Structures are given as structure tokens and as C-alpha cells.
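Okay, so here's the structure we're looking at.
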Amino acid sequence: MEENTRTFSAVRNVIFSVHKNMDVEDKVAFYNEWAGNYNEDVHILDYRAPMLAARSLSAAFPRDREGALVLDVACGTGLVSAQLQELGFRHFVGVDGSSAMLEVAEKTGLYRELKCCILGKETLPVEAGSCDIVIIVGALSVGHVAVTVLKELWQAAKPGGYVCMTTRADAQNLEYKSQLDCTVAEMEREGLWTRVDVVEEEEWERAVSNDETGYISGVVYLYKKSSGQAPVV
Ligand SMILES: C[S@@+](CC[C@H](N)C(=O)[O-])C[C@H]1O[C@@H](n2cnc3c(N)ncnc32)[C@H](O)[C@@H]1O
């Protein structure tokens with residue numbers, strides 16, 4: 001009989017390896033390998049980020065959900081759009097650097113379009129000012145997507161549109177998180193967006209490092225793109 005390796009311990013080893021600093025090609029190769037087990041593994045990890053981000057966005061989104069275009073950046077296998085669909089959103093475009101993750105996302109039937117793009121190296125393949133919502137969950141963290149991508153996320157949103165981002169608040173990610181906090185605040189000072197909500201969630205996902213027990217925390221950032229004349233970035 002085939003041994004079931006999808007235990008917490010197996011997932012812990014996977015997460016340890018992904019949090020290490022790798023270059024972007026290695027990171028994408030890692031996700032190509034992980035794609036087949038990703039959904040099962042993050043379920044074991046009790047990875048709550050897609051649900052927490054979707055709820056936060058949904059609570060603030062006042063308009064017609066069925067008509068809203070959602071850009072799901074670093075969409076992976078589609079967990080974020082699946083949560084948003086349950087909350088009444090219907091139109092999703094997904095972007096990710098891993099072709100294997102995109103293949104799993106394709107099978108969900110949720111997306112009207114899926115695009116392969118290595119963020120930070122290639123320009124986000126979306127028309128400026130075209131999306132009602134831009135959401136990125138689980139990818140703004142050390143060794144993943146560089147903070148410099150925030151301007152591209154902002155650019156993809158319509159004036160008055162929402163940008164929803166998440167990051168982890170565990171010890172390994174604190175330096176990245178502080179860069180993210182600085183960039184988000186700087187963009188607010190520049191008048192590019194205004195803060196709608198920033199919530200630290202205690203139970204983000206189960207801790208895997210030897211120094212932490214229980215759950216690590218994470219943060220959902222929700223910003224609204226300013227409606228004035230958009231500065232060119
Ligand atoms: C932890 S998964 C999150 C997926 C999904 N958003 C979720 O919450 O389940 C991180 C995703 O980011 C993608 N990714 C990481 N770095 C990337 C980069 N530089 N460009 C594009 N995608 C990247 C990976 O391929 C992976 O699908």
C-alpha cells in the first residue's frame with residue numbers, strides 16, 4: 001500500500017525549504033514541484049490567509065460584486081479566488097510565475113484568464129487602471145515577491161479600486177514586513193492610495209519553525225486607489 005506522506009511533519013519540511021532565500025527561478029521550480037500537493041498541504045497547515053483576506057476585502061467592498069473584475073496576483077492554485085467566489089465575486093484574472101500552479105488553477109474553472117509572469121522580473125501583464133480589485137495573498141514575503149511590485153499592483157487598479165495585500169508576521173519575515181510597511185506608508189504619503197483597513201490576524205497558519213508554537217500571525221492590508229489624476233510611476 002502506498003504510504004501517505006502528507007503529514008504535518010512532511011509539510012513542515014516543505015515550508016522550511018520554501019522560506020529559505022532562493023533566487024526567483026529556483027522559487028518557481030519549487031512551486032512547480034509543489035503544485036500537485038499544495039492544496040492538501042496548506043489544508044494540513046491550516047493556512048487561513050485566503051479566507052482572511054477575502055473576508056476583509058468583502059467587508060469593505062461596497063459595489064456590485066458580480067460586475068467587479070478581480071486580479072488575483074500570485075494566484076497559485078486558485079484558493080483566493082475560490083474564497084472570493086463564495087462571497088459573490090465572479091470575474092477573475094489570475095497571474096502566477098509557476099506554470100504548474102497555473103495548471104491547477106485552470107482546472108478550478110474560476111478564471112476567465114490566467115497569465116504566467118515572474119513578478120519583479122517581468123511587468124505585470126495587465127492594462128493599467130483596469131481592475132476593480134487587485135489582491136495578492138501569500139506571496140509578499142521574504143524570498144518571494146519583492147516589495148517594488150506594489151507600484152505595479154497599484155497601477156493595475158482602477159481609480160477608486162481596491163488593493164488587498166498580505167504578509168506574514170513571524171520572526172523570519174519581520175525585516176520584509178517592515179520594508180512592506182514603509183512602502184505602503186510612503187505610497188499613502190504620495191497620495192497614491194488611502195488606507196481602508198490593516199488588520200493583524202493571530203491565527204494565520206500553523207507555525208513550523210522550532211522557535212514558534214501554535215500559529216504564526218499575519219497581516220491583511222486593504223488600500224483604496226486615489227481617484228485623482230494618477231501619477232505615472
Ligand atoms: C504561497 S503561494 C500563494 C498562492 C495563493 N495566492 C494562495 O494564497 O494560496 C505563493 C505563490 O506565489 C508565486 N510566486 C512566488 N514568487 C513569484 C514571483 N516572483 N512571480 C510570480 N509568482 C510568484 C508562486 O508560484 C506561488 O503560486
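No experiment lies behind these values; they were computed from the predicted model shown. Index from 1, following the sequence. Numbering of ligands and ligand atoms starts at 1, following listing order.
- The closest approach between any non-hydrogen atom of V28 and ligand 1 is not below 4.0 Å.
- The distance from ligand 1 to the heavy atoms of C117 drops below 4.0 Å at these ligand atoms: 20 (N), 21 (C).
- Residue-level proximity to ligand 1 for A49 is absent, since no heavy atom of it falls below 4.0 angstrom.
- Near M101, the atoms of ligand 1 lying under 4.0 angstrom from a non-hydrogen atom of the residue are 27 (O).
- The closest protein non-hydrogen atom to atom 17 (C) of ligand 1 is V145 CG2, 3.7 Å.
- Residue-environment remark: CD (E33) stays at or below the threshold of 12 foreign heavy atoms within 6.0 Å.
- No heavy atom of G120 sits closer than 4.0 Å to any atom of ligand 1.
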Open item on the list: Walk me through whether E122 and K115 qualify under salt bridge (Lys or Arg N to Asp or Glu O under 4.0 Å).
Closed with: CA-CA 12 Å; E122 299 166 320; K115 305 181 192 199; over 6 Å; no
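- Using a 30° and 60° split on the angle between ring planes, Y223 and W193 fall in the tilted class, from 30° to 60°.
- Taking a cut-off of under 4.0 Å to the non-hydrogen atoms of A139, the atoms of ligand 1 that pass are 12 (O).
- Heavy atoms of A146 stay at 4.0 angstrom or farther from ligand 1.
- Residue H144 has no N or O atom closer than 3.5 Å to an N or O atom of ligand 1.
- An N or O contact shorter than 3.5 Å links D96 to ligand 1 by distance.
- A 4.5 Å side-chain heavy-atom check between C131 and V126 finds at least one atom pair inside the cut-off.
- Ionic pairing of E190 and K151 is present here: one or more N-O contacts between side-chain nitrogen and carboxylate oxygen are shorter than 4.0 angstrom.
- For P50, the closest heavy-atom approach to ligand 1 falls below 4.0 Å.
- In summary, the atoms of ligand 1 found under 4.0 Å from a heavy atom of I118, numbered by their order in the structure, are 20 (N).
- Evaluated by nearest non-hydrogen atom to atom 5 (C) of ligand 1, the leading choice among A74, G138, G97 is A74.
- Both tests hold for R206 against F8: distance to the six-membered ring centre under 6.0 Å, angle to the ring axis within 45°.
- Classified by interplanar angle (parallel below 30°, tilted 30° to 60°, perpendicular above 60°), the ring pair W34/Y31 is tilted.
- Considering backbone and side-chain atoms together, Y47 places an N or O closer than 3.5 Å to an N or O of ligand 1.
- Side chain of S226 to backbone of G191: a donor-acceptor contact under 3.5 angstrom is found.
- In terms of protein heavy-atom proximity, atom 2 (S) of ligand 1 is nearest to Y38 OH, 3.4 Å.
- Of all atoms in ligand 1, numbered sequentially from 1 with element shown, those under 4.0 Å from a heavy atom of V24 are 19 (N).
- At a threshold of 4.0 Å, the pair D181-K177 counts as salt-bridged, since one of the basic side-chain nitrogens sits closer than that to a carboxylate oxygen.
- At a 3.5 angstrom cut-off on N or O pairs, V137 counts as close to ligand 1.
- Heavy atoms from both the backbone and the side chain of L119 come within less than 4.0 Å of ligand 1.
- Residues V104 and A35 approach most closely at CG2-O, 4.0 Å, considering heavy atoms.
- The ligand atoms of ligand 1 that sit less than 4.0 angstrom from a heavy atom of S98 are 25 (O).
- Across all their heavy atoms, S56 and L222 have their closest contact at O-CD2, 3.7 Å.
- Around the CD atom of E175, the shell of radius 6.0 Å holds no more than 12 heavy atoms that belong to other residues, nucleotides or ligands.
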